[in-house]
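Structure record follows, encoded as structure tokens.
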Amino acid sequence: MAGVFGNPEVIQEEVDILMIGGGMANCGAAYEIVRWAEAAKAATGTDLKIKLVDKAAMDRSGAVAQGLSAINTYIGDTQDPADYARMVSNDLMGITRDDLAYDLGRHVDESVHLFEEWGLPIWKLDENGERHDGAQGMTPLKDGGKPVRSGKWQIMINGESYKWIVAEAAKKALGLDRIQERIFIVKLVNDKNDKNRIAGAVGFSTRDHTLHVYKAKAILLAAGGCVNIFRPRSVGEGTGRAWYPVWNAGSTYSMAAEAGAELTMMENRFVPARFKDGYGPVGAWFLLFKSQATNAFGETYMTKNKDMLNDYPPYGQAAVPASCLRNHLMLKEMKEGRGPIWMDTVTALGKLRETLTPREVKHLEAEAWEDFLDMCVGQCGIWVGENVEPEKKNSELMPTEPYLLGSHSGCCGIWTSGPEDVGAPTTETEAGVPAHLPSGWNWGYRGMTTVNGLFTAGDGVGASGHKFSSGSHAEGRLAAKAMVKYCLDNKDFKPELDTSVEDLVDAIYRPVRNYLEFKDYTTAIDVNPNYITPKMLQFRLQKIMDEYVAGVAPYYITNEHMLNVAAEKLDMLKEDALKMRAKDLHELLRAWENYHRILTAEAHMRHIMFRQESRYPGFYYRADKNFVDEENWHCFVNSIYDKTTQKWTCFKRAHVDLVDKSKLFKPAAH
């Protein structure tokens, strides 16, 4: 029998492996882990107890929830993992972990082949080079079928049910008895006898009054990136509309940081250019439909402003300039009053009619709509509501508010152990790395953080962007195998929580108790001098980040003085956050998402402050350091957080190229 509101029933459970999150990464882990656990049982007799908990429902959990119209990472047979590592590096302005990217490149295609086997329809080319959508059931990719590429790395799919298909396979492999949905994990707990080891996690049900305490030897934390720490462009009835999924609340980054894990590249953010107001995806339009973006006068800004790319060698000189630099060129037009920016859908579809058969034209025009129906239904609503037919009327583009993520076109996240066979450094050449942290890029288990037993994948793995859906799945599979090995190597370890269950309950239910204690103080439930609603607190956080930490209001510009103001305001916000209220379980969920967002926001701000340059022009500008400083800052910026003192320590780690990058660049123009 569940408890009552404010006095939950506490359920304690002991497992070997706990997986937190139900997105692509943990679906990969869930699928993969069983075979290794069974092999371990056969070989050693060890029967590992495994559990997956998700705050939502796996079928529609994570970034792929609405579906997708392309798989963005598929290597295929004409490229290799080194090409992939090069692309990732250049798009992220030269600072990524080649070992992680290369390792992913050699595993990712297998996940895609599995998706197709499970029923995901993938577009194919026939022997005449004509495109057919995935419903035609042509030769599978693994048997030599030719995908329809919308870009060098992307392949087209009919993906409305993409997540559903992948989750079904995960649930079937793991078994429903090992999966708990609607449990929001909000805190990791370290081991009582070894503070640099994970011992468990605690969370609450969003459906009944139960609080769940798990002890675990190994934990895979893969709860997505971070959305809604900056004020979104959508206001009024559109409040909360964002490009990345709104339930990504920075839980991965904040819980890892509080557990003592080293973070990396938290200054990196992604500001995608998207269809205005609906945040509809642009990839298929640029890549498949060959559409161009113009200013209000019909000028293609990528051509008009191409000399600006020479300010950022070598990243501006690559065949495909870094994503942030493409934004940089667009922002010039907007700031100088030549907006709005248009996606020229009319010309693109007109040109395609000249080269394609009538059947293909009809299919592509349908796909123009399906692209959104697959992955961003709200954009179709805007087209319909604003009388837009893409073959007759162009649509506006706009850069969004910033998002923090590690699996898409961003690389913030947690410092993780990579493979041992690709020549990654084993020592550290930069001074200032705290002594208790491992040196080098592999300290044991693939996907393990600097906290023993704590693993991550997907958005959690820092310095390794452009994994997307397929890569997150593959990374989850790599972590699953490593966790089984970790548990076998530590089979005598008995986790002990360093915090009492009573203290954990008090911490988690504080917002509920704030409400119950003070709710009768005023007649209006939301107006009360003793508490603040989660919604109002979130507005405050978004306003601070937007105005001082390079959000949309100042055109993504900040400086040291603005960041200092942000630091002061975030300190006060952290104090006031202890006064958050929760009048029901939904508000308790919102309150804890806010705690996670605040810590993630603080990490982002601290890293931007520490890095004395503007590494990602077009994503953010330090106006007082508005340059890329290759000599002093071609390095990782990493940090650790001390939850007792609530202080951050930022430091450099050396960047090393493991893959030759010169192939990317043509000689710079003089």
Side-chain angles (χ1 to χ4, degrees), residues 68-74 87-88 90-92 123 131 147-157 159 243-244 270-295 298-306 309 315-316 318-334 339-356 360-361 363-376 379-380 383 388 390-391 393-400 408-410 465-466 468-469 618-619:
L68 287 176
S69 53
I71 286 175
N72 284 334
T73 307
Y74 182 68
M87 176 275 291
V88 175
N90 186 68
D91 197 70
L92 291 158
W123 291 26
R131 299 163 170 158
V148 173
R149 284 225 178 251
S150 52
K152 203 171 173 188
W153 306 97
Q154 300 82 358
I155 61 174
M156 296 298 292
I157 61 174
W243 163 75
Y244 219 48
F270 183 41
V271 177
R274 289 292 178 263
F275 283 108
K276 188 173 177 292
D277 298 330
Y279 295 85
V282 297
W285 280 98
F286 279 134
L287 299 166
L288 186 69
F289 302 131
K290 307 296 180 225
S291 182
Q292 292 203 308
T294 71
N295 64 16
E299 300 167 307
T300 309
Y301 58 79
M302 285 301 293
T303 311
K304 179 184 176 213
N305 297 332
K306 71 173 188 299
L309 294 171
Y315 316 109
V320 180
S323 296
C324 63
L325 295 177
R326 302 200 293 276
N327 269 20
H328 179 56
L329 272 52
M330 178 203 281
L331 286 167
K332 181 178 171 69
E333 299 305 294
M334 291 174 71
I341 303 295
W342 297 103
M343 176 72 89
D344 190 354
T345 57
V346 177
T347 308
L349 290 173
K351 277 188 176 162
L352 285 168
R353 280 194 199 89
E354 296 164 18
T355 56
L356 299 177
E360 286 183 296
V361 169
H363 178 228
L364 267 188
E365 283 180 0
E367 183 55 32
W369 284 89
E370 193 179 310
D371 187 39
F372 295 145
L373 289 169
D374 269 350
M375 59 202 277
C376 188
Q379 192 65 48
C380 287
W383 270 5
V388 173
E391 67 273 25
K393 187 176 177 182
N394 292 332
S395 287
E396 265 188 81
L397 293 184
M398 179 70 101
T400 67
H408 198 277
S409 304
H466 286 268
F468 301 102
S469 57
F619 290 170

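Quick caveat: nothing in here was measured; it's all calculated off a predicted structure. Values below: every heavy atom of this structure, side chains too, minus hydrogens, waters and symmetry copies. When a residue number appears, it is its place in the shown sequence, counting from 1.
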Which pairs would a plain distance check flag for residues 323-331, meaning a side-chain donor or acceptor within less than 3.5 Å of a matching protein atom at least two apart in sequence or in another chain?
| unit_1 | atom_1 | unit_2 | atom_2 | d |
| --- | --- | --- | --- | --- |
| Ser323 | OG | Asp91 | OD1 | 2.9 |
| Ser323 | OG | Asp91 | OD2 | 3.0 |
| Ser323 | OG | Arg326 | NH2 | 3.4 |
| Arg326 | NH1 | Pro321 | O | 2.6 |
| Asn327 | ND2 | Val271 | O | 2.7 |
| Asn327 | ND2 | Gly618 | O | 3.3 |
| His328 | ND1 | Tyr621 | OH | 2.7 |

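For Tyr244 and Phe270, the gap between ring centers reaches or exceeds 6.0 Å.
Contacts of Phe289 classified as ring pair (Phe, Tyr, Trp, His ring centres under 6.0 Å), with partners at least two apart in sequence or in another chain: Trp285. The ring pair (Phe, Tyr, Trp, His ring centres under 6.0 Å) test applied to Phe468 returns His408, His466, not counting sequence neighbours. Remark: Lys351 engages no residue in a side-chain hydrogen bond (donor to acceptor under 3.5 Å, both in side chains) (not counting sequence neighbours). Lys152 meets the salt bridge (charged side-chain N to carboxylate O under 4.0 Å, His left out) test with no other residue; sequence neighbours excluded. In this view, Tyr279 satisfies the ring pair (Phe, Tyr, Trp, His ring centres under 6.0 Å) rule with no residue, not counting sequence neighbours.
The line from OG of Ser150 to CD1 of Ile71 is 10.5 Å long, rounded to the nearest 0.5 Å. To the nearest 0.5 Å, the span separating OH on Tyr315 from CG on Leu309 amounts to 14.0 Å. The CD atom of Gln379 sits 10.5 Å away from the NZ atom of Lys276 when rounded to the nearest 0.5 Å. Rounded to the nearest 0.5 Å, atoms CD (Glu396) and CE (Met343) are 12.5 Å apart.
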### From CA spacing to verdict: side chain to side chain contact (heavy atoms under 4.5 Å, CB included), Trp383, Lys393
CA-CA 10 Å; Trp383 270 5; Lys393 187 176 177 182; over 6 Å; no

### Message
Using the rule given for side chain to side chain contact (heavy atoms under 4.5 Å, CB included), can you reason through Glu391 versus Arg353, listing the C-alpha separation, both sets of side-chain angles and the distance that settles it, and then say yes or no?
### Response
CA-CA 11 Å; Glu391 67 273 25; Arg353 280 194 199 89; 3.5 Å; yes

### Query
After noting the C-alpha distance and the side-chain angles of Ile341 and Met334, does the key distance pass the side chain to side chain contact (heavy atoms under 4.5 Å, CB included) rule?
CA-CA 8 Å; Ile341 303 295; Met334 291 174 71; 3.8 Å; yes

### Check against side chain to side chain contact (heavy atoms under 4.5 Å, CB included), Leu352 and Glu360
CA-CA 9 Å; Leu352 285 168; Glu360 286 183 296; over 6 Å; no

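Smallest separation of non-hydrogen atoms from Trp369 and Pro390: NE1-CD, 3.9 Å. Looking at every heavy atom in both residues, Thr400 comes nearest to Trp243 through CG2-CB, 4.5 Å. Summarising the geometry of Asp374 relative to Gly159, their closest heavy-atom pair is OD2-N, 3.5 Å, with the distance given to 0.1 Å. Shown here for Pro147 and Ile155, the closest heavy-atom pair between the two residues is CB-CG2, 3.5 Å. The minimum heavy-atom distance linking Arg274 with Gly280 is given by the pair CD-O, 3.2 Å. Closest heavy-atom contact between Ser469 and Leu68: OG-CD1, 3.8 Å.
At a threshold of 4.0 Å, the pair Lys304-Glu333 counts as salt-bridged, since one of the basic side-chain nitrogens sits closer than that to a carboxylate oxygen.
Looking at Asn90, its side chain does come within 3.5 Å of a backbone N or O of Val320 through a donor-acceptor pair.
Contact annotation: the side chain of Phe275 approaches that of Leu397 to within less than 4.5 Å [non-hydrogen atoms, C-beta and beyond]. In this structure, Phe372 and Ser69 have side chains that are not in contact, with every pair of non-hydrogen atoms separated by 4.5 Å or more.
Other residues, nucleotides and ligands contribute over 12 non-hydrogen atoms within 6.0 Å of the NZ atom of Lys290.
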